[in-house]
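Let me begin by handing over the structure; questions about it come next.
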Amino acid sequence: MVGMAAALAPEAGAEYADVVFNRRAEREGVRPVVFPHWFHRIRFRCKVCHHELGFVMRAGANDVTMADIVEGKFCGMCHNGEIAWSTENCDLCHTGKPGLPSGIHGGHTTVGPGRW
Amino acid sequence: MRAGRSRHRRAAAAVWLVAAMASTGGAGAREWRPLDDDGVHDPAAPGLQYLQKPSEALSVLPPDTAGNRVNWVEALRQGIIKPRTNVFPETKVNLLDLDVIFPETSEMPMVRFPHLVHTEWLDCANCHDHLFKKKIGANPVNMFKILEGEYCGRCHGAVAFPLTECKRCHSVPRNDLIR
(Lines give C-alpha, C1' and ligand atoms only; values in the text may rest on other atoms or scores of the structure.)
Protein backbone atom coordinates (compact mmCIF):
# COMPACT_ATOMS: atom_id res chain seq x y z
CA MET A 1 0.00 0.00 0.00
CA VAL A 2 2.79 2.35 0.89
CA GLY A 3 4.44 1.37 -2.35
CA MET A 4 1.33 2.38 -4.24
CA ALA A 5 1.37 5.73 -2.47
CA ALA A 6 5.02 6.23 -3.31
CA ALA A 7 4.33 5.48 -6.95
CA LEU A 8 1.74 8.24 -6.99
CA ALA A 9 3.98 10.81 -5.35
CA PRO A 10 5.03 13.80 -7.42
CA GLU A 11 8.70 14.18 -8.24
CA ALA A 12 10.68 14.77 -5.10
CA GLY A 13 11.51 18.25 -4.11
CA ALA A 14 9.60 20.75 -6.20
CA GLU A 15 8.15 23.27 -3.77
CA TYR A 16 4.41 23.08 -3.21
CA ALA A 17 2.54 24.92 -5.98
CA ASP A 18 5.52 25.50 -8.27
CA VAL A 19 4.19 25.97 -11.81
CA VAL A 20 6.16 25.12 -14.92
CA PHE A 21 5.47 27.06 -18.12
CA ASN A 22 6.78 25.23 -21.15
CA ARG A 23 4.19 25.52 -23.87
CA ARG A 24 6.52 27.67 -25.91
CA ALA A 25 9.75 28.21 -23.99
CA GLU A 26 11.85 25.30 -25.16
CA ARG A 27 10.44 25.44 -28.66
CA GLU A 28 11.70 29.02 -28.75
CA GLY A 29 15.12 27.98 -27.48
CA VAL A 30 15.01 28.97 -23.82
CA ARG A 31 14.59 26.97 -20.61
CA PRO A 32 11.08 26.46 -19.22
CA VAL A 33 9.85 28.99 -16.64
CA VAL A 34 9.40 27.90 -13.04
CA PHE A 35 6.88 30.10 -11.26
CA PRO A 36 7.12 29.85 -7.46
CA HIS A 37 3.78 30.62 -5.80
CA TRP A 38 5.47 30.77 -2.38
CA PHE A 39 7.78 33.61 -3.41
CA HIS A 40 4.97 35.65 -4.90
CA ARG A 41 2.43 35.19 -2.13
CA ILE A 42 4.84 36.61 0.42
CA ARG A 43 4.63 39.84 -1.60
CA PHE A 44 1.19 39.80 -3.22
CA ARG A 45 -2.21 38.41 -2.31
CA CYS A 46 -3.69 35.88 -4.70
CA LYS A 47 -6.19 38.48 -5.89
CA VAL A 48 -3.53 40.67 -7.47
CA CYS A 49 -2.58 38.15 -10.14
CA HIS A 50 -5.78 36.12 -10.26
CA HIS A 51 -8.17 39.06 -10.26
CA GLU A 52 -6.44 42.27 -11.27
CA LEU A 53 -4.01 40.74 -13.76
CA GLY A 54 -6.32 38.08 -15.14
CA PHE A 55 -4.42 34.84 -14.54
CA VAL A 56 -7.05 32.07 -14.67
CA MET A 57 -6.73 29.73 -11.66
CA ARG A 58 -6.05 26.64 -13.72
CA ALA A 59 -2.64 25.45 -14.86
CA GLY A 60 -2.58 25.45 -18.64
CA ALA A 61 -5.42 27.96 -18.99
CA ASN A 62 -3.18 30.98 -19.47
CA ASP A 63 -1.68 31.35 -22.91
CA VAL A 64 1.12 33.69 -21.93
CA THR A 65 3.53 34.92 -24.61
CA MET A 66 6.64 37.06 -24.19
CA ALA A 67 5.00 39.63 -26.44
CA ASP A 68 2.15 39.92 -23.92
CA ILE A 69 4.58 40.25 -21.04
CA VAL A 70 6.66 42.92 -22.78
CA GLU A 71 3.43 44.82 -23.46
CA GLY A 72 2.71 44.78 -19.72
CA LYS A 73 0.20 41.97 -19.55
CA PHE A 74 0.34 38.94 -17.22
CA CYS A 75 3.81 38.81 -15.55
CA GLY A 76 4.60 42.09 -17.30
CA MET A 77 2.25 43.97 -14.99
CA CYS A 78 5.02 43.85 -12.38
CA HIS A 79 8.04 42.53 -14.25
CA ASN A 80 8.69 45.88 -15.87
CA GLY A 81 11.77 47.08 -14.06
CA GLU A 82 9.66 49.07 -11.58
CA ILE A 83 7.91 46.62 -9.28
CA ALA A 84 10.04 43.60 -10.21
CA TRP A 85 12.92 42.83 -12.55
CA SER A 86 12.29 43.57 -16.22
CA THR A 87 11.95 41.15 -19.13
CA GLU A 88 15.56 41.68 -20.17
CA ASN A 89 16.55 39.34 -17.34
CA CYS A 90 15.57 36.19 -19.25
CA ASP A 91 17.75 33.96 -17.09
CA LEU A 92 15.96 34.80 -13.85
CA CYS A 93 12.62 33.27 -14.89
CA HIS A 94 13.76 30.73 -17.48
CA THR A 95 15.47 28.42 -15.01
CA GLY A 96 13.59 25.16 -15.57
CA LYS A 97 15.02 21.78 -16.48
CA PRO A 98 14.76 21.03 -20.19
CA GLY A 99 11.96 18.62 -21.03
CA LEU A 100 9.63 19.52 -18.18
CA PRO A 101 5.92 19.36 -18.99
CA SER A 102 3.81 22.42 -18.16
CA GLY A 103 1.68 22.34 -15.05
CA ILE A 104 1.80 22.35 -11.28
CA HIS A 105 4.77 20.30 -10.15
CA GLY A 106 5.26 20.97 -6.48
CA GLY A 107 3.45 18.83 -4.00
CA HIS A 108 4.28 18.08 -0.42
CA THR A 109 1.51 15.83 0.75
CA THR A 110 -1.17 15.91 -1.89
CA VAL A 111 -1.15 13.26 -4.52
CA GLY A 112 -4.59 13.27 -6.03
CA PRO A 113 -5.95 11.94 -9.26
CA GLY A 114 -7.22 15.40 -10.10
CA ARG A 115 -6.06 17.87 -12.67
CA TRP A 116 -4.70 21.10 -11.39
CA MET B 1 -20.92 5.00 -19.37
CA ARG B 2 -21.68 7.30 -16.48
CA ALA B 3 -21.57 4.43 -14.00
CA GLY B 4 -18.19 3.37 -15.38
CA ARG B 5 -16.76 6.83 -14.97
CA SER B 6 -18.16 7.06 -11.46
CA ARG B 7 -16.53 3.73 -10.56
CA HIS B 8 -13.25 4.96 -11.92
CA ARG B 9 -13.51 8.14 -9.88
CA ARG B 10 -14.28 6.22 -6.72
CA ALA B 11 -11.33 3.89 -7.29
CA ALA B 12 -9.08 6.87 -7.91
CA ALA B 13 -10.29 8.52 -4.73
CA ALA B 14 -9.62 5.36 -2.73
CA VAL B 15 -6.07 5.20 -4.06
CA TRP B 16 -5.64 8.86 -3.19
CA LEU B 17 -6.79 8.25 0.36
CA VAL B 18 -4.12 5.58 0.82
CA ALA B 19 -1.50 7.95 -0.55
CA ALA B 20 -2.73 10.77 1.65
CA MET B 21 -2.60 8.66 4.78
CA ALA B 22 0.87 7.41 3.98
CA SER B 23 2.23 10.86 3.24
CA THR B 24 0.62 12.57 6.23
CA GLY B 25 2.70 10.36 8.49
CA GLY B 26 5.87 11.70 6.94
CA ALA B 27 5.11 15.38 7.39
CA GLY B 28 7.58 16.12 10.16
CA ALA B 29 10.70 18.20 9.76
CA ARG B 30 10.46 21.52 8.01
CA GLU B 31 12.99 21.21 5.24
CA TRP B 32 12.99 22.75 1.84
CA ARG B 33 14.85 21.30 -1.07
CA PRO B 34 17.57 23.57 -2.53
CA LEU B 35 16.53 25.00 -5.90
CA ASP B 36 19.39 23.26 -7.70
CA ASP B 37 18.18 19.89 -6.43
CA ASP B 38 14.39 20.18 -6.55
CA GLY B 39 13.73 18.33 -9.78
CA VAL B 40 12.32 21.32 -11.65
CA HIS B 41 15.15 23.85 -11.76
CA ASP B 42 18.10 23.27 -14.05
CA PRO B 43 21.25 23.35 -11.85
CA ALA B 44 23.09 24.77 -14.87
CA ALA B 45 20.68 27.69 -15.30
CA PRO B 46 22.73 30.87 -14.95
CA GLY B 47 19.98 32.79 -13.15
CA LEU B 48 19.48 30.25 -10.40
CA GLN B 49 22.09 31.69 -8.07
CA TYR B 50 20.20 34.99 -7.86
CA LEU B 51 16.86 33.52 -6.80
CA GLN B 52 15.67 33.55 -3.22
CA LYS B 53 15.92 30.13 -1.57
CA PRO B 54 12.73 28.58 -0.17
CA SER B 55 14.49 27.70 3.11
CA GLU B 56 15.60 31.30 3.60
CA ALA B 57 12.15 32.78 2.99
CA LEU B 58 9.89 30.13 4.49
CA SER B 59 11.76 29.06 7.62
CA VAL B 60 11.01 32.39 9.33
CA LEU B 61 7.24 32.10 8.76
CA PRO B 62 4.73 30.42 11.12
CA PRO B 63 5.02 26.65 10.71
CA ASP B 64 2.61 24.19 9.23
CA THR B 65 2.91 20.48 8.47
CA ALA B 66 1.65 20.46 4.91
CA GLY B 67 1.94 22.35 1.65
CA ASN B 68 4.81 24.85 1.86
CA ARG B 69 5.14 23.97 5.57
CA VAL B 70 3.99 27.55 6.22
CA ASN B 71 0.80 28.71 7.90
CA TRP B 72 0.10 31.47 5.41
CA VAL B 73 -3.03 32.68 7.16
CA GLU B 74 -1.12 33.22 10.40
CA ALA B 75 1.79 34.83 8.59
CA LEU B 76 -0.61 37.38 7.16
CA ARG B 77 -2.62 37.96 10.33
CA GLN B 78 0.48 38.43 12.47
CA GLY B 79 1.81 40.94 9.96
CA ILE B 80 4.97 38.89 9.37
CA ILE B 81 4.26 39.17 5.66
CA LYS B 82 2.56 42.18 4.12
CA PRO B 83 1.50 41.11 0.65
CA ARG B 84 -0.01 43.88 -1.45
CA THR B 85 -3.77 43.80 -1.93
CA ASN B 86 -3.72 45.54 -5.31
CA VAL B 87 -1.47 47.09 -7.93
CA PHE B 88 -4.08 49.38 -9.48
CA PRO B 89 -5.02 52.21 -7.11
CA GLU B 90 -8.63 52.11 -8.30
CA THR B 91 -9.17 48.44 -7.47
CA LYS B 92 -11.77 47.96 -4.75
CA VAL B 93 -10.44 45.55 -2.12
CA ASN B 94 -13.34 43.41 -0.93
CA LEU B 95 -13.59 41.67 2.43
CA LEU B 96 -16.53 39.63 3.70
CA ASP B 97 -16.94 38.21 7.19
CA LEU B 98 -19.52 35.48 6.69
CA ASP B 99 -19.26 31.80 7.56
CA VAL B 100 -21.15 29.25 5.50
CA ILE B 101 -21.88 25.77 6.84
CA PHE B 102 -22.02 22.85 4.43
CA PRO B 103 -24.09 20.28 6.35
CA GLU B 104 -24.24 17.47 3.79
CA THR B 105 -20.94 15.79 4.59
CA SER B 106 -22.12 12.26 5.29
CA GLU B 107 -20.36 10.87 8.38
CA MET B 108 -17.68 13.55 8.44
CA PRO B 109 -18.02 16.65 10.60
CA MET B 110 -19.74 19.49 8.74
CA VAL B 111 -17.69 21.99 6.77
CA ARG B 112 -17.39 25.59 7.88
CA PHE B 113 -16.33 27.89 5.08
CA PRO B 114 -15.02 31.22 6.40
CA HIS B 115 -15.34 33.98 3.82
CA LEU B 116 -13.11 36.31 5.83
CA VAL B 117 -9.87 34.38 5.57
CA HIS B 118 -10.57 33.64 1.92
CA THR B 119 -11.29 37.26 1.02
CA GLU B 120 -8.12 38.38 2.77
CA TRP B 121 -6.33 36.60 -0.07
CA LEU B 122 -8.87 36.43 -2.89
CA ASP B 123 -11.47 38.61 -4.55
CA CYS B 124 -15.14 37.59 -4.71
CA ALA B 125 -14.81 37.17 -8.48
CA ASN B 126 -12.16 34.48 -8.08
CA CYS B 127 -14.88 32.04 -6.95
CA HIS B 128 -18.20 33.74 -7.79
CA ASP B 129 -20.02 32.78 -9.81
CA HIS B 130 -17.97 30.53 -12.06
CA LEU B 131 -17.02 28.09 -9.25
CA PHE B 132 -19.70 28.75 -6.64
CA LYS B 133 -23.15 30.27 -6.99
CA LYS B 134 -23.97 32.84 -4.33
CA LYS B 135 -26.81 30.79 -2.96
CA ILE B 136 -26.93 28.37 -0.04
CA GLY B 137 -27.54 24.84 -1.29
CA ALA B 138 -27.00 25.72 -4.95
CA ASN B 139 -23.51 24.19 -5.17
CA PRO B 140 -23.30 20.41 -5.54
CA VAL B 141 -19.85 20.16 -3.99
CA ASN B 142 -18.46 16.74 -3.21
CA MET B 143 -15.03 15.32 -2.47
CA PHE B 144 -14.76 13.55 -5.83
CA LYS B 145 -15.09 16.85 -7.63
CA ILE B 146 -12.73 18.56 -5.21
CA LEU B 147 -10.17 15.80 -5.78
CA GLU B 148 -10.49 16.44 -9.49
CA GLY B 149 -9.58 20.07 -8.98
CA GLU B 150 -13.09 21.53 -9.04
CA TYR B 151 -14.77 23.74 -6.43
CA CYS B 152 -12.46 24.03 -3.37
CA GLY B 153 -9.99 21.81 -5.26
CA ARG B 154 -9.10 24.67 -7.56
CA CYS B 155 -6.77 25.88 -4.84
CA HIS B 156 -6.78 23.29 -2.04
CA GLY B 157 -4.43 20.58 -3.23
CA ALA B 158 -2.62 22.88 -5.62
CA VAL B 159 -1.60 26.04 -3.76
CA ALA B 160 -3.67 26.34 -0.59
CA PHE B 161 -3.36 23.70 2.14
CA PRO B 162 -3.73 20.22 0.64
CA LEU B 163 -6.60 17.75 0.81
CA THR B 164 -4.86 15.62 3.40
CA GLU B 165 -5.92 18.16 6.04
CA CYS B 166 -9.52 16.91 6.34
CA LYS B 167 -10.32 18.42 9.71
CA ARG B 168 -9.40 21.97 8.85
CA CYS B 169 -12.55 22.14 6.72
CA HIS B 170 -14.59 19.40 8.36
CA SER B 171 -14.50 21.26 11.65
CA VAL B 172 -18.09 21.40 12.89
CA PRO B 173 -19.22 18.30 14.83
CA ARG B 174 -22.59 16.96 13.88
CA ASN B 175 -24.89 16.68 16.84
CA ASP B 176 -27.08 13.65 16.23
CA LEU B 177 -29.48 14.74 18.96
CA ILE B 178 -30.37 17.96 17.15
CA ARG B 179 -30.81 16.17 13.86
Side-chain angles (χ1 to χ4, degrees), chain A residues 1-2 4-20 31-32 34 36-48 50-53 57-59 77-78 83 85 89-98 100 104-116, chain B residues 9 12-13 15-16 18-24 26-27 32-33 35 37-42 45-48 50-52 54 57-58 61 66-70 72 75 81 83-88 91 93 120-123 125-126 146-150 153-155 157-159 162-164:
Chain A
M1 267 184 144
V2 173
M4 198 157 77
L8 273 177
E11 75 262 56
E15 190 50 43
Y16 191 66
D18 276 356
V19 183
V20 169
R31 289 180 173 84
V34 180
H37 264 108
W38 63 267
F39 178 94
H40 288 84
R41 71 182 294 184
I42 290 171
R43 294 153 177 88
F44 297 91
R45 310 207 189 199
C46 322
K47 58 178 98 179
V48 171
H50 292 296
H51 179 54
E52 289 188 292
L53 307 191
M57 300 190 300
R58 172 72 83 203
M77 246 18 249
C78 294
I83 297 178
W85 64 65
N89 300 283
C90 320
D91 286 346
L92 294 180
C93 301
H94 290 273
T95 55
K97 265 190 178 171
L100 283 178
I104 294 200
H105 282 246
H108 175 56
T109 58
T110 297
V111 271
R115 58 190 183 98
W116 291 299
Chain B
R9 280 167 58 185
V15 170
W16 168 83
V18 172
M21 287 161 68
S23 57
T24 303
W32 295 269
R33 212 52 177 266
L35 293 179
D37 186 32
D38 68 358
V40 289
H41 289 92
D42 181 355
L48 207 53
Y50 302 108
L51 302 184
Q52 188 177 30
L58 303 180
L61 301 180
N68 296 117
R69 271 65 54 83
V70 166
W72 290 103
I81 58 171
R84 289 171 66 163
T85 55
N86 53 307
V87 290
F88 303 128
T91 299
V93 179
E120 281 168 358
W121 291 99
L122 291 155
D123 188 77
N126 286 125
I146 293 172
L147 282 161
E148 289 186 324
E150 303 300 334
R154 276 291 175 121
C155 298
V159 60
L163 303 173
T164 46

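Just so we're on the same page: letters track the sequence lines, and every chain starts at 1.
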I'd like to know if the side chain of A:Glu15 and the backbone of A:Pro36 have a donor-acceptor N/O pair within less than 3.5 Å. no
Restricting to non-hydrogen atoms, name the atom on B:Asp38 and the atom on B:His41 that form the minimum distance, rounded to 0.1 Å. OD2-ND1, 2.7 Å
Is it the backbone or the side chain of A:Phe39 that comes under 4.5 Å from a heavy atom of chain B, or both, or neither? side chain
So which part of A:Cys93 gets closer than 4.5 Å to some heavy atom of chain B, the side chain, the backbone, both or neither? neither
Where does A:Arg43 contact chain B at under 4.5 Å (heavy atoms): side chain, backbone, both or neither? both
Counting N and O atoms only, with roles assigned by atom type, does the side chain of A:His37 sit under 3.5 Å from a partner on the main chain of B:Val159, one being a donor and the other an acceptor? no
Report the option among A:Ile83, A:Asn89, A:Val48 that has the most heavy-atom pairs separated by less than 4.5 Å from atoms of chain B. A:Val48
If I measure from the heavy atoms of chain A, does B:Leu122 come under 4.5 Å with its side chain, its backbone, both, or neither? both
Does any backbone or side-chain atom of A:His50 lie under 4.5 Å from a heavy atom of chain B? Answer side chain, backbone, both or neither. both
So, the side chain of A:Arg41 versus the backbone of A:Cys46: is there a donor-acceptor pair under 3.5 Å, distance only? no
Side-chain (B:Asn68) to main-chain (A:Tyr16) donor-acceptor, under 3.5 angstrom: yes
